[in-house]
Amino acid sequence: RLIGIGLLILFPLLLLSQTPTASLKMFSGDITSQKSRILLLSNQTADETLQPIDTELTSLLASSLTELGRADVIDRTNLELILNEQYLQLSGFLLDSQIVELGNIASASEAMLVNTISFSQKGVPPDNDSDEDEDESFLSELLGGLVRSVVNSITDPTYENNIQTQISIQFKHINIETGALLHSFHLSSTFTGGRRATSKSAVLRHLQAQIMQKLKTVFNYQALVVSVDDGELILNVGSKVGLRKGTIFEIRRPDSVGEFNGQKFTIPGRSVAFVSVSEMSPETNRANIRRQWRGIRPGYEAIENQALISGLLLYFLPSTGSFQGVGADGHFKPFDGFDYGLGLRYTNIIDSYEDHNNSFGLSLFGSYHLFGGQKFQSSSRVGIDWDMPSKRDDADHSVTSHVVSMTLGLTGEIFLSKKADLCIQIGYRFAGISDKWEYNKEEDGETKFHAAIWNEPAPKIDISGIYLTVGIKTFFVAGKLLR
């Protein structure tokens, strides 16, 4: 009966999965058609102590740009070769105007300048040197501190095994053609622990993570929708500019021009969908629609989404004869081809005694996108559930059972709006049977578990079989509700 209900609900939704095509409508935007040619320089100041770290940070930025794959890097060594061919010389400290001139010589479209603001390393006392037992008297605290000071002064007067490293840097991103400053950002990191090399390496690793995040924002992909066909889009950006499978794009309508009292103004285009790259050629990519709440036409703008997207499903579990309840699932990759997450739920389970038992449960699940369209998408799901029903045994102990089950299901999602989907899932639960109950008791300062006491055969929990859930899924971008 439930299978029939589920199929009756899902079947008409499949009819909504066709996406119409439309005529091309272009917009005036910056399309990522080729890699940027970046001139990478460090501003070598007169402070010779900063020059080695300048070189390390420049190499770190170069490797990050190369790993990102969105720019061709011209570093100081390559630039010096170009200058030598033209009988020119590269000075140490660089002005922005000089960077533009050097960029033109190197045929670069953009430049990035690394400037080390501060770099320091010093030994500091370990944290546990100042930790005191709360029960110490004032005299023992004073004597203990005196002894530690004497010992530390003899064994490690400079705390060389506990080095605190601090680095603060500035990056400038300059347009060579116009000389305009495109971006300027400061990064800093501090780490305490280990010897000098270990401490500095930890700071550089942290800075590299910050640099990668900034570079993704600076070199954000932008493209056009070339065609729309049966839940898939063709975008005019591909692998030759470093695009990778799984990249998420937000699809937006082109900006429009309005007029009021004789004054013209630009109206930003509205967001209509999110898509995920599935296949690539050098110049184009094929992207699957992950969710769509308005129509898509060729010529719409595609902007790479850098923020972390997550989802929250709140659902109701109708009665299937043995249990019912409510729950919440957290989705970590809702727009990817493969999604996974964790869930919590509260259910009311009927045992073989016909008693109703309150139960709390946890679930770990994964889902794989199958197909979708303008208003609907489907996915398969597999999960492992752990439920913990509780009741009182015949000796009036509070007892608990542990029920482990595996689920296989099919989920259909109707796109209600940009913010929410209606989710219907039908599936089958395997195992999910238990008649083992236990209670815990404090004995001699320890918690010990004992089997429940029953006058008749223990009540059996059986939640196996067909299940159905209905719920609403909302989405979050960078921890904030999708707007």
Side-chain angles (χ1 to χ4, degrees), residues 38 40-68 71 73 75-77 80 90-94 111-136 138-173 183-218 308:
I38 302 291
L40 185 57
L41 296 170
S42 62
N43 212 350
Q44 297 184 354
T45 63
D47 188 349
E48 296 183 356
T49 62
L50 294 180
Q51 291 184 9
I53 195 66
D54 267 339
T55 302
E56 287 190 72
L57 290 169
T58 305
S59 298
L60 194 68
L61 179 58
S63 64
S64 298
L65 281 166
T66 302
E67 181 181 345
L68 194 62
V73 180
D75 60 15
R76 199 176 188 93
T77 302
E80 287 176 346
L90 180 62
S91 61
F93 186 78
L94 298 170
M112 297 199 79
L113 182 66
V114 182
N115 183 27
T116 305
I117 299 173
S118 64
F119 168 59
S120 65
Q121 287 191 295
K122 63 181 180 180
V124 296
D127 289 341
N128 58 12
D129 281 2
S130 60
D131 292 342
E132 303 295 340
D133 189 279
E134 294 181 358
D135 296 329
E136 284 186 341
F138 174 77
L139 181 59
S140 62
E141 182 179 342
L142 180 63
L143 291 175
L146 180 62
V147 170
R148 281 191 300 274
S149 298
V150 173
V151 171
N152 285 332
S153 65
I154 296 173
T155 59
D156 189 10
T158 57
Y159 301 104
E160 283 297 316
N161 288 317
N162 195 54
I163 297 297
Q164 183 181 81
T165 302
Q166 184 274 333
I167 300 178
S168 180
I169 54 179
Q170 179 192 37
F171 290 104
K172 285 185 177 181
H173 182 210
H183 302 91
S184 178
F185 48 89
H186 292 78
L187 301 176
S188 62
S189 179
T190 302
F191 180 82
T192 303
R195 300 187 71 82
R196 291 181 181 273
T198 302
S199 182
K200 185 174 72 172
S201 295
V203 170
L204 291 177
R205 284 195 301 271
H206 185 222
L207 283 174
Q208 186 173 29
Q210 294 183 59
I211 289 170
M212 285 294 288
Q213 191 60 43
K214 288 291 184 181
L215 290 178
K216 287 181 179 180
T217 303
V218 169
L308 177 66

Q) Nearest 0.5 Å, what's the CZ-CG distance between Arg195 and Asn161? A) 5.0 Å
Q: Can you measure from CG (Asn115) to CG (Leu113) and round to the nearest 0.5 angstrom?
A: 6.5 Å
Q: Just say parallel, tilted or perpendicular for the rings of Phe185 and Phe171, cut-offs at 30° and 60°.
A: tilted
(Q) Checking Ser118 now: which residues fulfil side-chain hydrogen bond (donor to acceptor under 3.5 Å, both in side chains) with it, not counting sequence neighbours? (A) Gln166
Q | Point-to-point distance, once rounded to the nearest 0.5 Å, from OG of Ser199 to CD of Glu160 | A | 10.5 Å
Q. What pairs with Gln208 under side-chain hydrogen bond (donor to acceptor under 3.5 Å, both in side chains), at least two apart in sequence or on another chain?
A. none
Q: State the CD-CD1 distance between Gln170 and Ile117, to the nearest 0.5 angstrom.
A: 5.5 Å
**Q.** Partners passing side-chain contact (heavy atoms from CB on, under 4.5 Å) against Phe119 (at least two apart in sequence or in another chain)
**A.** Leu50, Ile53, Thr116, Gln121, Thr165, Ile167, Lys200
**Q.** Leu215 side chain near His173 side chain, heavy-atom distance below 4.5 Å
**A.** no
Q. Would you say Lys214 and Leu187 make side-chain contact, with heavy atoms under 4.5 Å?
A. yes
Q) Donor-acceptor pair, Asn162 side chain versus Val124 backbone, under 3.5 Å? A) yes
Q: Output the distance between atom CE (Met212) and atom NZ (Lys216), rounded to the nearest 0.5 Å.
A: 5.5 Å
Q | For Ile211, the option from Leu61, Val114, Leu65 that meets side chain to side chain contact (heavy atoms under 4.5 Å, CB included) | A | Leu61
Q: Working to the nearest 0.5 Å, report the span between CG of Leu204 and CD of Glu56.
A: 5.5 Å
